[in-house]
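Quick caveat: nothing in here was measured; it's all calculated off a predicted structure.
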Amino acid sequence: MRDANIFAFRKAMPRMSWSPRNLYNLWRRSCGAEAEAINFTRSPKTLFQQRWISKALVRAYHGDFINEKIFKRWYLPDTLPDVRPRQHALSSNGDLDAFAGRTEQLERAKKRAYDEQKKGLAPVGSLMLAEVERRIDVFIFRCCFAHSVYEARRLVIHGSILLNGKKHTDANTRLAPGDMISVDPAAIRFLQNPESSKAESEGEQPSDSEPKTESSDLSQSMPSAKLAPTKSSLTPFNLPPYASPFIFIPAYAEVSFPTCSAIYVRHPTARPGYSEIPTPYDADGEVIRLAWEWYSKMRPRTRSKSQMAREPENRRVGGH
């Protein structure tokens, strides 16, 4: 972590972290004192200032550890998908439709068009961050194997992550659909015993005289009965305080907690009224839109051969 003061209350920048300080900053930006600062409906700020503030907020959460030049060159899409619905001309001749037997079909088409119009357009502005979600460190954080994306980066760099069964130490890798990551259970913090519980378990150990005889008598009288699992035989699970708002799994991840592994199923997408990319801001709101407007004007347009050689690992389908 390059900046130790990333959770400063003065800036109130939400980050990819389960920290209680980050949760407080997220509350301030959502409905607290700082929420009015990102309401640009009636703002005295210029359009340049609005775009700059939106860009800073989006980058603080989505990949603040990525260099700005690298983010603009390798993680921004060229364009956003066009999700405007195609206009289908529906017949207005009821007698002819009834004669042709198309009444039910037209009713279903009208109902589908009404539902799409009610939901609105898909929030494609959030898809400008889809390449960031493909990163292996961000994916580990989304799968709830790490307390923050910074800890997820440390797990990758220290060799605690397997990518398709092989040790992987490059945190900049972008996953391809079908890639599987496995995390060493000994490196997951909330699966370890805290020091206080260890001390208590040592103090509560039974003596060597009476408990042994009682257990032997029980085993002799009930040989077929199964002994209940003791507390020490179970895997510890100790979530940090205030972690519940961040415990969710996105739709493009298939997670197996018993094996501490996850599969990157597909790239994140968006549909009317819903975006699969988690973000603390409205997926189709002013902050995301203004951030895209900023980057569509300021990003570099060309990539030389030397720059192409420095591209972070971008895995394709089939492992290439």
Side-chain angles (χ1 to χ4, degrees), residues 1-2 15-18 59 61-67 69-77 126-192 235-237 239-240 243 246-269 275-279 303 307-320:
M1 188 186 306
R2 291 178 297 178
R15 312 282 179 168
M16 288 188 186
S17 173
W18 297 356
R59 285 286 285 116
Y61 183 82
H62 297 277
D64 60 331
F65 45 86
I66 305 174
N67 182 272
K69 281 187 177 181
I70 295 177
F71 177 82
K72 291 190 291 186
R73 179 166 285 124
W74 301 114
Y75 291 93
L76 282 176
S126 59
L127 294 182
M128 76 180 206
L129 307 165
E131 291 297 310
V132 178
E133 296 294 316
R134 289 180 56 196
R135 288 176 57 99
I136 188 172
D137 49 2
V138 176
F139 183 69
I140 292 170
F141 172 71
R142 295 298 187 202
C143 295
C144 301
F145 289 132
H147 290 202
S148 66
V149 72
Y150 316 107
E151 182 179 350
R153 287 177 58 80
R154 178 182 61 80
L155 293 178
V156 177
I157 294 172
H158 290 186
S160 300
I161 304 299
L162 300 180
L163 177 59
N164 296 331
K166 298 180 180 179
K167 183 184 290 188
H168 192 80
T169 58
D170 185 3
N172 300 318
T173 300
R174 284 174 282 177
L175 300 176
D179 284 345
M180 184 180 72
I181 61 103
S182 302
V183 186
D184 184 6
I188 301 177
R189 278 203 289 167
F190 56 80
L191 296 183
Q192 312 304 322
T235 302
F237 187 78
L239 284 177
F246 309 102
I247 304 297
F248 62 90
I249 304 297
Y252 55 85
E254 187 71 29
V255 184
S256 173
F257 289 104
T259 59
C260 295
S261 60
I263 298 177
Y264 183 79
V265 180
R266 53 179 172 78
H267 298 318
T269 184
S275 175
E276 293 182 352
I277 297 179
T279 179
R303 296 172 181 171
Q307 292 170 349
M308 292 292 291
R310 295 194 296 267
E311 179 184 7
E313 184 180 355
N314 186 11
R315 294 176 58 81
R316 308 293 183 182
V317 177
H320 301 289

Could you walk me through whether Y61 and V132 pass the side chain to side chain contact (heavy atoms under 4.5 Å, CB included) check? CA-CA 11 Å; Y61 183 82; V132 178; over 6 Å; no
State which residues pass side-chain contact (heavy atoms from CB on, under 4.5 Å) with A253; sequence neighbours excluded, sorted by chain then number. F139, C143, I249, P250, V255
Kindly give the heavy-atom pair with the smallest separation between A243 and W18, and that separation in Å. CB-CE3, 4.0 Å
Report yes if the side chains of R15 and S148 come closer than 4.5 Å at any heavy-atom pair, otherwise no. no
Nearest heavy-atom contact between F145 and S256 is CZ-O, 4.4 Å
How far apart are the closest heavy atoms of I277 and P268, and which atoms are they? CG1-CB, 3.8 Å
Kindly compute the distance separating CG (L127) from CD (E133), expressed to the nearest 0.5 Å. 10.5 Å
Taking the six-membered ring for Trp, are F190 and F237 parallel (under 30°), tilted (30 to 60°) or perpendicular (over 60°)? perpendicular
CG of L175 to CD1 of I140: how many Å apart, nearest 0.5 Å? 8.5 Å
Charged N-O contact under 4.0 Å between R266 and E276: yes
Indicate yes or no: at least one non-hydrogen side-chain atom of T173 is less than 4.5 angstrom from one of R135. no
Would a 4.5 Å heavy-atom cut-off, applied to side chains only, mark R142 and M16 as touching? yes
Could you pull out the closest heavy-atom pair between F141 and A146, with the gap in Å? CD1-O, 3.7 Å
Taking atom CD of E254 as the centre, report whether more than 12 heavy atoms of other residues, nucleotides or ligands fall under 6.0 Å from it. no
Does the ring centre of Y150 sit less than 6.0 Å away from the ring centre of H147? no
Is the NZ or CZ atom of R174 positioned over Y75's six-membered ring, under 6.0 angstrom from the centre and within 45° of the axis? yes
From CG (N314) to CZ (R134), nearest 0.5 Å: 4.5 Å
If you define the side chain from C-beta out and look only at heavy atoms, does anything of S261 sit under 4.5 Å from V183? no
Which heavy atom of Q192 sits nearest a heavy atom of P236, and at what distance? C-CG, 4.0 Å
Minimum side-chain heavy-atom gap F71-H62 below 4.5 Å: no
Anything under 3.5 Å between a donor and an acceptor, one on a side chain of residues 152-164, the other on a protein residue two or more places apart or in another chain? List them.
from : atom 1 : to   : atom 2 : distance (Å)
R153 : NH1    : D137 : OD2    : 3.2
N164 : OD1    : M180 : N      : 2.9
N164 : ND2    : D179 : OD1    : 3.2

Do you know which two heavy atoms are closest between L191 and C260, and how far apart they sit? CD1-SG, 4.0 Å
